[in-house]
Asks: 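Pasting in a structure now, in structure tokens, and then I'll have a few things to ask.
The chains referred to below are lettered A, B, ... by the order of the sequence lines, with proteins before strands, and numbering in each begins at 1.
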Amino acid sequence: MAAHVLTVKELRKVFDTDQGQVLAVDGISFELSGDEFFTMLGPSGCGKTTTLRMVAGLETMTAGSIFFDGEDFSGFSSFQRNIGMVFQSYALFPHMTVFENIAYGLRVRGMAAAEVGGKVGRILGLLGLGDLAKRYPADLSGGQQQRVSIGRALVYDPGMLLLDEPLANLDAKLRVEMREEIRRIQKELGIMTIYVTHDQEEAMSISDRVAVFNLGRMMQAGPPHEVYSNPTSLFVADFIGKANFFPARITRSDNSGAKVALTSGAELALERLNALEPDEEAEIADGFDATVMVRPEHLVIGRAGGDGLSCRVRRIQFLGNIIRYHAECADASGEVIVDTTRLVGGLEEGSEAAIAMAPADSILYHKGRA
Amino acid sequence: MTTAAPAGPAVARLRRRIDWLPYAIGALTIFVLVAFLLYPIVKTVMFSFVKSGDELAFANLTLVNFRRFVEASTYQNALWHSIEVGVLTTIVSTMLALPAAYAMARVPIRFRNFVLALFIIPIIAPPFIGAYSWIILLGRTGIITHYLDSWFGIQLPSVYGLFGIVLALSLHYFPYIFLFVQGALAASDPYIEESADVMGASRLRILRTITFPLVLPTIFAGALIVLVKTLGNFGVPAILGGGYYVLPTLIYYQINGYFNLNGASAIALVNVLITLIAILLLARVNRKRRFVTVTSTARRSKQHTGLGARIAANVYIWTLLLAALLPQIIIVLSSFAKQWAASLFPTAYGFDNYVRLQETLGEPIFNSLVLGGSATLMCVVFGTLAAYAAVRKRFKGKWALDMTIMLPFVLPGIVTGVAYLTTFNSGLIVLTGTGTIIILAYFIRRIAYIFRSVTASVTQVDEKIEEASTICGATWGRTMRKVTVPLIAPGIMAGGILVFSTLITEISVTIIIYSVEWKTLSIAIFEQLTNEDILGAATIGTVAIALTLILVFTASKLIGRNMADMFR
């Protein structure tokens with residue numbers, strides 16, 4: 001079987017509401033292939049669910065195109081697209097048993113009863129639901145209902161699996177279990193999957209590729225570690241994980257790096273430069289405002305008088321595997337967070353301290369000259 | 001051990017006092033329910049087993065009052081007619097309501113809220129006069145009869161008897177099923193149908209395997225209300241019956257003709273019995289079907305937006321509305337008629353009827369408002385308390401409270417009337433002929449409405465909110481006043497307005513227990529009709545419709561709900 005390919009190009013969606021037109025999705029493009037697990041991540045209202053529903057054929061697209069294995073999806077109904085879909089509320093049929101729920105899609109396709117029984121049985125086994133076949137959804141726990149709805153979406157061998165915040169209704173522990181389960185089944189069946197969530201930890205842990213959405217646009221897409229360690233915009237840096245921001249002014253720049261001055265006058269030499277608007281590669285220019293971003297684990301905190309920016313420790317949190325220092329620093333916009341694995345001697349809540357950053361771990365976001 | 005005794009005024013004040021208010025109110029509620037609901041019913045049941053004129057005593061117990069159901073064909077026929085009318089009306093109402101409900105919920109309809117509001121008019125329309133309109137329309141010299149005959153040569157069956165009664169009742173009651181089902185369809189979880197869609201089910205298949213099974217319980221609930229109301233309806237068969245008696249008209253005949261309370265009680269008992277059997281049967285059919293899906297998103301179910309679907313939906317809805325509102329249109333039209341005799345339509349219009357009835361109208365309006373208002377107030381107080389207790393408190397015999405309150409719901413109005421007449425005519429409390437007896441009867445008949453509406457509201461209020469108030473030191477009364485009641489106020493208001501608006505045109509209980517000093521609007525209509533002053537009756541009917549609509553409209557604006565939602 002040749003690997004499937006999904007190509008989404010310049011997808012746009014404009015909703016007509018009573019308050020006028022709302023641009024929900026603004027030029028989304030991506031391509032998936034094979035058994036890729038692709039997650040659309042973003043705050044609510046960012047367009048991720050609408051994008052998913054357009055791929056599913058539940059929402060019409062205002063502009064753009066969706067191709068699957070070279071076939072144009074635009075004239076296809078949801079059914080013709082042959083997709084499996086899991087909804088946040090599970091949307092199980094409350095008047096049908098687990099078996100009947102899962103069998104529904106097969107019966108719609110006119111499959112013979114014996115074959116239906118076999119296929120449903122295999123799915124029930126795969127999901128560990130074997131002994132629940134005769135139960136009604138109301139008699140199942142949240143996690144079990146979730147499995148049924150996944151089984152129902154997979155039983156008829158769809159070309160791809162779409163999941164819309166499937167774990168949002170589960171409690172924290174179950175959520176972690178279920179996401180591993182989803183990943184296991186997905187790789188076992190080798191099915192292309194698009195997953196929508198607003199939970200970044202979930203997105204990072206489960207996906208082959210994460211796309212961060214904001215205000216109807218795709219800010220960045222890539223493997224989880226890349227999105228985390230090299231965010232291309234301040235939004236992604238702030239949205240994924242924790243980030244410290246230091247306002248800066250560019251004092252001297254060339255193609256390989258830049259020198260910047262922080263608020264207190266401290267100077268830094270940086271090598272990793274990103275234009276603020278990732279699509280328009282701006283040329284860096286002296287005298288312009290910029291922002292330096294450093295992840296908490298890349299800052300080093302030490303006693304006052306040492307190297308770095310002076311600050312005051314406000315709070316020390318013990319989070320188990322790490323110790324988190326919250327500090328006030330005149331150079332930072334907002335609070336500074338430093339994660340260490342060991343307690344730093346001589347630092348208490350209220351003491352003066354120094355924060356140091358390495359150029360290799362700091363990224364400069366500049367507006368520059370267009 | 002020398003533990004310091006907790007001292008100081010602050011601690012002393014906090015020592016647990018006995019909060020007597022809930023017990024006092026509970027006792028009062030129980031007293032009212034026992035004295036004015038259970039006692040009359042028990043007495044009526046006893047009356048039915050004693051011969052007319054005999055004392056209520058163990059030795060006098062007899063089945064003589066029931067023997068007529070075996071011996072007299074009038075009785076047998078009335079029983080059969082009641083069943084026949086009940087079953088046919090329920091089927092016809094359901095058939096009329098379902099397509100309209102689906103169209104309303106799943107096809108874009110212009111002025112949706114306005115159209116929905118129009119559907120409540122048949123429910124609140126005054127009795128008698130609506131049925132009388134059908135005679136004007138379908139009688140031997142009726143408007144529709146005339147045109148059907150002269151244009152198409154179609155002869156309709158006589159409007160008197162089964163045909164007319166079922167037609168009038170179906171068009172009167174179908175909005176209950178319509179509003180229920182429409183609401184359920186509009187609120188159902190759109191994702192359920194969407195997932196069937198993704199799996200490849202066609203529109204028709206989704207309708208057959210998903211949508212219909214899921215609203216079936218709601219259809220049954222609506223059908224049950226229609227059936228119960230039909231079995232207890234007096235006004236329509238009274239006008240359109242002719243020689244065709246049903247149980248409620250037979251009861252009236254026994255009381256008005258012979259003042260045979262014992263005989264009437266026996267018929268009443270049979271009437272209640274078939275109502276109960278009907279409810280049990282429906283409950284049995286409906287057993288195991290409790291799938292309420294309520295959407296948590298603002299997303300609406302997929303709509304049929306094709307031109308054909310829109311035309312079909314609009315044509316059906318407006319035709320049905322026109323048919324259901326025809327009686328009311330005729331009423332309003334004739335209230336403005338100067339003359340209407342020996343012609344299809346009035347020959348001249350004016351305000352003559354209103355001027356003529358100026359004097360006569362004041363008192364019934366006043367009486368209806370006072371009696372209905374007082375009863376509504378009682379319903380609000382005791383219905384709210386009972387509902388609150390039923391939801392919040394865990395006590396033995398809770399099912400008995402539930403049953404007692406919901407009992408009048410299955411009692412045909414005329415049966416309540418008989419019960420009150422037999423009970424308060426003599427004995428411990430004598431109330432016959434007073435306004436009080438009407439208020440009490442109204443109260444008992446409608447308390448279930450408030451009970452249901454408030455039960456739903458209280459269930460939605462988190463008990464922890466009340467606990468927080470108690471922990472802050474508030475007494476039960478203060479918590480109720482400052483926390484609970486403000487939170488459930490919309491539910492109380494909605495129930496109250498439903499009670500008030502349906503009491504303004506109440507007839508089946510009123511006609512048994514009213515007295516000359518306490519003539520209500522519906523009695524005034526009845527009297528005008530007995531005097532063969534149809535235009536006069538129509539005028540009072542128009543006033544009643546207007547009054548009720550204004551009330552419902554104002555209340556719906558006050559609590560910010562759609563008018564139609566208040567009748568679900």
Side-chain angles (χ1 to χ4, degrees), chain A residues 15 17-18 44 49-50 52-53 55-60 76-96 100-111 136-138 148-156 158-166 168-169, chain B residues 106 108-114 181 184-221 285-306 562:
Chain A
F15 283 111
T17 69
D18 298 339
S44 63
T49 294
T50 309
L52 186 80
R53 288 172 62 85
V55 174
L58 293 169
E59 212 79 73
T60 55
F76 281 16
S77 70
S78 298
F79 170 49
Q80 288 166 315
R81 298 179 190 209
N82 191 33
I83 48 177
M85 182 144 180
V86 175
F87 296 83
Q88 178 180 338
S89 59
Y90 317 141
L92 296 178
F93 308 130
H95 58 304
M96 297 182 191
E100 289 167 334
N101 261 285
I102 296 180
Y104 193 85
L106 299 173
R107 288 179 177 157
V108 165
R109 285 165 172 71
M111 191 177 276
Y136 283 89
V148 176
S149 87
I150 293 171
R152 194 177 63 172
L154 288 174
V155 71
Y156 46 84
M160 61 178 140
L161 178 63
L162 309 179
L163 302 106
D164 185 5
E165 304 243 7
N169 289 359
Chain B
R106 295 294 162 83
I109 303 279
R110 254 168 213 275
F111 314 115
R112 210 168 162 271
N113 284 346
F114 174 69
V181 175
L185 282 174
S188 65
D189 184 351
Y191 293 124
I192 290 185
E193 286 180 28
E194 241 170 38
S195 61
D197 184 22
V198 170
M199 284 184 262
S202 64
R203 260 292 175 50
L204 207 64
R205 191 180 184 116
I206 294 177
L207 191 64
R208 184 167 55 80
T209 59
I210 312 286
T211 317
F212 185 70
L214 286 179
V215 292
L216 205 55
T218 316
I219 297 174
F220 274 115
V285 176
N286 211 7
R287 189 186 43 173
K288 281 183 74 176
R289 291 182 217 267
R290 279 171 163 251
F291 312 108
V292 186
T293 78
V294 176
T295 175
S296 49
T297 72
R299 233 186 268 284
R300 289 266 299 277
S301 293
K302 204 166 162 186
Q303 305 270 308
H304 298 263
T305 47
N562 188 311

Asks: Does any heavy atom of chain B fall under 4.5 Å from the side chain of L58(A), the backbone, both, or neither of them?
Replies: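 Answer is side chain: those atoms of L58(A) sit under 4.5 Å from chain B.
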Asks: Please give me the minimum heavy-atom distance between A201(B) and V108(A), naming the atom from each residue.
Replies: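 Shortest heavy-atom separation between A201(B) and V108(A) comes out as N-CG1, 3.5 Å.
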Asks: Show your working on side chain to side chain contact (heavy atoms under 4.5 Å, CB included) between F87(A) and E194(B) and close with a plain yes or no.
Replies: CA-CA 9 Å; F87(A) 296 83; E194(B) 241 170 38; 3.4 Å; yes
Asks: Between R152(A) (side chain) and S195(B) (backbone), is there a donor-acceptor pair under 3.5 Å?
Replies: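 Checking the backbone N and O of S195(B) against the side chain of R152(A), no donor-acceptor pair under 3.5 Å is found.
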Asks: With a 4.5 angstrom heavy-atom cut-off, could you sort out which part of R81(A) is near chain B: side chain, backbone, both or neither?
Replies: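 Neither part, no heavy atoms under 4.5 Å.
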Asks: Using the rule given for side chain to side chain contact (heavy atoms under 4.5 Å, CB included), can you reason through F93(A) versus T209(B), listing the C-alpha separation, both sets of side-chain angles and the distance that settles it, and then say yes or no?
Replies: CA-CA 10 Å; F93(A) 308 130; T209(B) 59; over 6 Å; no
Asks: For L92(A), is it the side chain, the backbone, both, or neither that has a heavy atom closer than 4.5 Å to a heavy atom of chain B?
Replies: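 The answer is the backbone of L92(A).
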Asks: Could you go through R205(B) and Y104(A), starting from their C-alpha distance and side-chain angles, then the distance that decides it, and tell me whether this counts as side chain to side chain contact (heavy atoms under 4.5 Å, CB included)?
Replies: CA-CA 11 Å; R205(B) 191 180 184 116; Y104(A) 193 85; 4.2 Å; yes
Asks: How close do F79(A) and M199(B) get, heavy atom to heavy atom, and via which atoms?
Replies: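 F79(A) and M199(B) have their closest heavy atoms at CD1-O, 4.0 Å.
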Asks: Quick one: are L216(B) and H95(A) in side-chain contact, heavy atoms under 4.5 Å?
Replies: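 Contact flag for L216(B)/H95(A) side chains = no.
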